[in-house]
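Worksheet for the structure shown next.
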Amino acid sequence: MKNIYSETREQLEDYFLSMNEKKFKALQCFEWLYEKRNSNIEEWSNIKKEIRAKMKEDFSFTMPKIIKRERDDLTEKYLLELEDGEHIEAVLMRHDYGNSVCVSSEVGCNMGCAFCESGRLKKIRNLETYEMVCQILLIEELMKERISSVVIMGIGEPLDNYENVINFVKIINDAKGIAIGARHITLSTCGLVPKIKELMNLPLQINLAISFHASNNELRNKLMPVNKMYNINELLDTLKTYIDKTNRRITIEYVMLNKINDREENAEELASLLKGMNVYVNLIPYNETNHLEYEKSSKNQILKFYDTLKKNKINVTIRKEFGSKISAACGQLRSKEVSQKHEIR
Ligand code: SAH
């Protein structure tokens, strides 16, 4: 049975039309779910009893549960239990411009990036759309605060769960849904080229971030197995088309790994790859994990890397560090929780 929070407004409209009902019923459902935040269909007084009875047969109205919270000053991390007992995490970050939430898109991840905690636990399944929507609803309810931006940068590769993720984006972006502006939604991918091509044809003005993390194919092959399938040249060609087509700037994420990818020659190499493209580079201080072979770069090294990119006229920022005290690196909390349950790679 489908969960009601997995339905986009369009899908609900089709549902009502197929029952010979008016499509504005979908709008009324959205008002109950997202404006009044009421999932008790018995109380949906403007929807006829017979229709409610039918809907109860066709949809479930349940949500995952938050079972653990860890927090420091600016960050709060939640461990969620799904209905089949699997665990995922979501992170709330407080910025001066508002709250953002980092959502997970899969249970585990198959991309196998060498430095990433999420990839130690193989993908078990996709998240359903409602399991992503509820990450936001549950946090808003618990904190009694609104979330103004969403980054799809938690556990999982969003473009490996394309359809559910796109429906999630449609629901949170819908003015009658959670109403988060497309410019405040960022999808981060390790670079699944065919899906990036699909994404550029959708009329969604969301931000795209690419986990790049290396300045040549040899290095990227070692850090990110996906590069063996879609290498840097192919990825950059696709990104150029994306930029031409959408007129949008792309974020290039570059996690700074001590003595692995943080030398000045890496910065020079990266600059020449990105020359002339409408991108900006976000340097990410590595959040140290159980992958003991990877350490964070020194502040000094990050600054030198930054300067070299600047000197080459590449737009660049250094990401503020969030939550390093509370195991906020992708997958850390979940990996602690499930290390007994599933085998860790
Ligand atoms: N699969 C998607 C989104 C999830 S990862 C992607 O690859 O983009 C979100 C970002 O965090 C990616 O850029 C990832 O490479 C990075 N990341 C993973 N582990 C990290 C760590 N320990 N410290 C800092 N960044 C990390």
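Both ligands and their constituent atoms are indexed starting at 1 by order of listing. For the numbers below, each heavy atom of this structure counts, side chains included, while hydrogens, waters and symmetry mates do not.
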Do [X] and ligand 1 have an N or O pair less than 3.5 Å apart?
{"X": "Glu117", "answer": "no"}
{"X": "Gly156", "answer": "yes"}
{"X": "Thr289", "answer": "no"}

Closer than 4.0 Å to some heavy atom of [X] - which atoms of ligand 1 meet that?
{"X": "Cys116", "answer": "18 (C), 19 (N)"}
{"X": "Val255", "answer": "24 (C), 25 (N)"}
{"X": "Phe115", "answer": "15 (O), 18 (C)"}

Regarding [atom]: of the candidates [options], which has the closest heavy atom?
{"atom": "atom 4 (C) of ligand 1", "options": "Cys109, Gly191, Ser188, Gly154", "answer": "Gly154"}
{"atom": "atom 8 (O) of ligand 1", "options": "Ser211, Cys190, Cys102", "answer": "Ser211"}
{"atom": "atom 21 (C) of ligand 1", "options": "Phe212, Tyr286, Tyr254", "answer": "Tyr286"}

Practice item. Hey, can you tell me if Tyr294 and Tyr286 have their rings parallel, tilted or perpendicular (30° and 60° cut-offs)? Key: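 Rings of Tyr294 and Tyr286: perpendicular, over 60°.
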Point to revise | Short side-chain to backbone donor-acceptor contact, Asp262 and Ser297, under 3.5 Å | key: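 No, the answer is negative, given that no donor and acceptor are paired below the 3.5 Å cut-off.
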Check your understanding: Any sub-3.5 Å donor-acceptor pair from Glu76's side-chain atoms to Glu70's backbone N or O?
Key ->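 Between the backbone of Glu70 and the side chain of Glu76 there is no qualifying donor-acceptor contact (under 3.5 Å).
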Review point. Just by distance, with hydrogens left out, do Ser6 and Glu128 show a side-chain donor and acceptor under 3.5 Å apart?
Key: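 On atom types as modelled, these side chains do not qualify, holding no pair under 3.5 Å.
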Review point. Would Glu83 and Thr62 count as having a side-chain donor-acceptor pair, cut-off 3.5 Å?
Key: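 Note: Glu83 and Thr62 side chains meet the donor-acceptor criterion.
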Review point. At a non-hydrogen distance cut-off of under 4.0 Å, which region of Thr189 contacts ligand 1 (side chain, backbone, both, or neither)?
Key: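 Within the 4.0 Å criterion, Thr189 contacts ligand 1 through backbone atoms alone.
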Review point. Relative to ligand 1, is Glu253 under 4.0 angstrom through side chain, backbone, both or neither, heavy atoms considered?
Key: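 It is the side chain that touches ligand 1; the backbone stays farther off.
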Check your understanding: When the aromatic ring centroids of Phe61 and Tyr5 are compared, is their separation below 6.0 Å?
Key ->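 Centroid distance Phe61-Tyr5: not below 6.0 Å, so no.
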Point to revise | Phe168 ring center near Tyr130 ring center (under 6.0 Å) | key: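 Centroid distance Phe168-Tyr130: not below 6.0 Å, so no.
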Review point. Would His213 count as a contact of ligand 1 if the rule is a heavy atom under 4.0 Å away?
Key: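 His213 counts as a contact of ligand 1 under the 4.0 Å cut-off.
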Practice item. Decide if atom CD of Glu218 counts as having more than 12 heavy atoms of other residues, nucleotides or ligands within a radius under 6.0 Å. Key: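 It does not: Glu218 CD has 12 such atoms or fewer within range.
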